[in-house]
Structures are given as C-alpha cells and as structure tokens.
Number of protein chains: 2
Amino acid sequence: MSDIKIIQDTRERILDVAERLFMERGYEGTSMRMITGAAEVNLAAVNYHFGSKEALLREVFRRRLAWLNHERLQALDELEGQANGAPLKPSLVLEAFFGTLLRMGGNESLGGMTFLRLLGRTLTEPAEFIRTFFSGEYAEVIERYKLALIRALPDVPRAEIVWRLHFMLGAMSYAIAGTDVLQVVTGCELGDISDANVDDKVAAQRLADRLMPFLLGGLRAPLPQFLDLSTQQQDASPSSGKRKTA
Amino acid sequence: MSDIKIIQDTRERILDVAERLFMERGYEGTSMRMITGAAEVNLAAVNYHFGSKEALLREVFRRRLAWLNHERLQALDELEGQANGAPLKPSLVLEAFFGTLLRMGGNESLGGMTFLRLLGRTLTEPAEFIRTFFSGEYAEVIERYKLALIRALPDVPRAEIVWRLHFMLGAMSYAIAGTDVLQVVTGCELGDISDANVDDKVAAQRLADRLMPFLLGGLRAPLPQFLDLSTQQQDASPSSGKRKTA
DNA sequence: AGTTAGTTCAAACGTTCGTTTTAATAATAA
DNA sequence: TTATTATTAAAACGAACGTTTGAACTAACT
C-alpha cells in the first residue's frame, strides 16, 4: 500500500523531489545536483526532460495548478449556477476559493501540504520569471473571483475589495508557508500545523477551520473611511456605534 | 536638501544598497559583486567591514529592528501604563504593533518601505540561519504582544489567538512584500501601494488605513467551533444568530 | 621625519553553479 | 536481424559564487 509508487519514471521522480526541495530551500537555494542526487537520477536528466531549471520549476507548478485552476473555476460555476443570477454570499465565495486550495493540501496525490507550502513561499520569490509565470497562471481565476466578490459585496468599493483580497491571499500564504518560520516566533503553542506526526488531511482541515472565519471577519470588517491611524484615539471595538459596515 | 547624504562612509553605503538589493532580488539572488558594484566600493569591503554575506544580512536587519523592537515595546508599555492593570482593547494592541511598523515604513531615514518589503519577504526565506536569526530578534516582542492580546480577549482560547496572530502577521507581510507580485495578480486597480510616484509616507498611511480594519475584523471574527468546512452549508454571514463571538 | 592602525585596492583562491557534450545503453520499428 | 529512436551515463564546459591575500594608500600620532 505504501509502495504503490516505488517504480516511477525519471520525469515524475524529478518533479516530486524538486517540489519538495524547492519548498524546503527555495528556488535559488536548490541546485540541480541536489535534485538529481535526491531523485537518484543522472545530473543531465533535468535538462534532458525539461530543458532548464526554470522550465522544471514551471512544470512543477503547472501539473498542480492545472487541477487547482480547473477546480476553482468549477466551484464558482456551480455556485453561480445554483444562485440563478443572484449575487453569492461572501462566505460561499471564500469557501470555493480557499476551501478548494486547502482540500488540495489534504490530498497527497495532489502534492499535499508540500505543494501548498511551496506555493505560498514562491509567491514572494523575487525572481522575475517566477512573477510573470504566476500572473499568467493565476490571472483568469483571480479575475473571476474578484468579480464574484464585487457582486457579493455591492456596497463595498471595488478598490477596497481588491485590497482585502490581497490581504486574504497574504494571510493564507503565510499561514501555510510560514509554519516553521512563525512556529518559533509565536512560541510552540500552535502544535497543530507544524506537527509532522499529523497527516496532511488532518493538518489541512485544522488550518481551514481556523483560517476561514478569520478571512471572513477581515473581509466583512468595517470600512476604513472614518478610521485614522495617525491618532491613537480611534475605537474599533464592536460595541462602538456609528461605523459603516461592509 | 536631497544631497545631504552624498558623503557616506563605506559601511553605511553598503548597508543601504544591500537593503535594497536583498529586497529586490532576495538573499540568494543577490551577489556580493552586485552589492559592492552598486555601492561603488571594492569587492572585499563587505568581508572587511562585516565578515561575511550572512553577517551583512544580519547587520542590515539589526540596525532597523533595534529601533522597531524598542518602539514596539515602548508603545505597549505606554498603553499598559495608561490602563492601570486593566486589559487593553484589542484595537489598541494592534495599533501599537502594526501601526509602529507602518509608521516606520513612512520614515525614509528608518528604511522606509524598502525595509518593510525586505522584512516581509525575508520572513519566508527558507535559509536556516535566517529563520534562527529572526526568532531570536523577534521572540521578546512577540511574546509581550501575545500576552497582551490574551489579556485583551479573555474569552478566546490562547491557541486561537496565536493562530490569528499568525494570520495577521501573514496578511501584513504579504500586503507589504507582495505589492509588485500581486499587483499583476489582482489587476492594476490597487494603484496606491505599488505606485512609485507616491512617497513612502503616503503609501504607508494608505496601507495602514486599509490593513488595520481588516486585521481587527479577522481578529474579532466568530470562533470556528461551529463551522465545518467540509460541508458547503455553513453560513458565516453577520446576520446569522447563534454563533460564539470573539 | 618615521611608525602605526585603519581602510581600500586589484588579483586570485577554490568551489559550486547550470548547462553541454559525447558515448553507452535500452527500447521500438522495419 | 538491423535501423532508429529514446533515454541514461560520465565527464567536462565556462561562468559566477563567497572569500582571502598582500600590497598600496590614508591619516593620525610620536
């Protein structure tokens, strides 16, 4: 049962190892020799099968993002189909977008938490070709969800929704990518996410349970119109009265 | 006025240039020759003044974090002094923690947005020594604020607060670090943060105005006890009744 | 003046990087 | 079988990496 994949062709074995190493050490911090060494293939195999290191990274992402993009679009299609033209509830839009990703993290045959961590980390990689690659891969899905959120929150300005989508992506990426980083920072009380004994399925579910309420709370927070950071006097507690609510 | 700092000693010029390049290209993506070339100093100057590339990165952070840590602790001290032993309002704790950082981003002599971006990016750098360095630099401040939040939200389990602190750090880091990344992803409608024409002061203020309400909303969101991601039926809209609120 | 400590400089060190080459081997088709 | 193609193998390529060396220059003090 655990040795289903003992026999793997070179191509797949390289992709699996590269996925893990890129996650652990970053793109620039992972050399071809590390990859081919861990995958137990010849050094030239990467260039033979993929052409270059850059192309290998792209392929690592493409085989996962193809599934993710399709799944996310389909989830939104279903929601919009059921809604019959009515705006969707924000919670359902978030569930479709982030829930799909987190469910992917729970499925080891789709890369599991390894791929999720890689995705979160790589979004901040500064290399030029990585950025252009991601905007190409992500553009369509993000655009669809952005429009869905704009329809779901008709009273909130578009710009504000984009900001908050930005914040939500950040919270999610760090929550995933930064586990071992912030585990030290925040003390060891998380336990859950960074626990290696727990399998991806459970870890992803626990993360989802905590993350989704946080994101919804942030998305639906009062608008900043009447808040002023430069004074220390603003009151953002829930009991305060006169505030515009998203 | 703009040429106050034309004359700089080698040490400072290296630090300034390294700060910017590490932000733009990452630690591994920035070579000593890039740094010394841009700083117009000899290649050996970095090793002479700092010892190694690693030590240079540490020094780049130390000169900024010294100020930031002091300021954050002092802000919390003041709040707790004014409160006379009573728990602080969550909004004030967040203002002290994130407001201090964002004000730093508005002050060019403290590194401005360049340092903020560098900080956000570097938190996810996978290199081992970077992680251990940060946990050492951050530990005290994070611990203090964690305790303040725990006191500020007595009804919320400690673990949940740590999770949400984690999420907030992520939202902030990405909001800062990922501007040029997600600018493409989210379309060009942000305009504000990634606009090079706007100075750091304005950019930091605009970011703060958007970010603080989002973080507060997330921090104070309903607890996940009764939410279940695996079913698509949960309702997280604000009008729904029976939910425990943080 | 001479001495000393601090700094800058050009040049080279050995290592590792991604990639390429050329030959050997395995697999498939005629 | 032979011919052809696909894959793997070992070795080397030039370039770039972080670091070190030892001499040259500067400035201050005796």
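Throughout, a chain's letter reflects where its sequence line sits, starting with A, and its residues are numbered from 1.
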note = Judged by nearest nucleotide, the residue sitting upstream toward the 5' end of DNA chain C, B:Ala44 or A:Glu28, is B:Ala44
Any B:Ser31 side-chain nitrogen or oxygen under 4.0 Å from OP1 or OP2 of D:dC17 = yes
task = Can you tell me the distance, in whole Å, between the CG atom of B:Asp9 and the P atom of D:dA27?
result = 15 Å
query = To the side chain of A:His49, which of D:dT8, C:dG18, C:dA10 is closest?
reply = D:dT8
message = Does a side-chain N or O of A:Thr10 approach OP1 or OP2 of D:dT8 to a distance below 4.0 Å, or not?
response = yes
ask   = Whole Å only: how far is the OH atom of B:Tyr48 from the C1' atom of D:dT20?
value = 15 Å
request  = Please work out if A:Thr36 contacts a base, only the sugar-phosphate, or nothing of the nucleic acid, heavy-atom cut-off 4.0 Å.
outcome  = nothing
request  = Describe, in one word, how the ring planes of A:Phe214 and B:Phe214 are oriented to each other, choosing from parallel (under 30°), tilted (30 to 60°) and perpendicular (over 60°).
outcome  = perpendicular
ask   = Between the side chain of B:Lys53 and the main-chain N/O of B:Thr30, is any donor-acceptor distance below 3.5 Å?
value = yes
key: Rounded distance in Å - CG (B:Asn47) to P (D:dT19)   = 5 Å
note = To the nearest angstrom, the CG-P distance between A:Leu43 and D:dC13 comes to 15 Å
Nearest listed nucleotide, side chain of B:Lys53, among D:dG18, C:dT8, D:dA12 = D:dG18
task = To the nearest Å, give me how far apart CE (A:Met32) and P (D:dA11) are.
result = 19 Å
request  = State whether B:Ser52 places a side-chain N or O below 4.0 Å from either non-bridging phosphate oxygen (OP1 or OP2) of D:dG18.
outcome  = no
key: Length of the CE-P vector between B:Met34 and D:dC17, whole Å   = 6 Å
request  = Check whether any side-chain N or O of B:Asn69 sits under 3.5 Å from a backbone N or O of B:Glu137 as a donor-acceptor pair, and report yes or no.
outcome  = yes
request  = Look at the rings of B:Tyr27 and B:Phe22 and say which category their plane angle falls in: under 30° parallel, 30 to 60° tilted, over 60° perpendicular.
outcome  = tilted
query = Do the ring planes of B:Tyr138 and B:Phe134 sit parallel (below 30°), tilted (30 to 60°) or perpendicular (above 60°)?
reply = parallel
query = Between B:Arg11 (CZ) and C:dT7 (C1'), how many Å, whole number?
reply = 13 Å
ask   = Over how many whole Å does the gap from A:Asn42 atom CG to C:dA26 atom C1' extend?
value = 15 Å
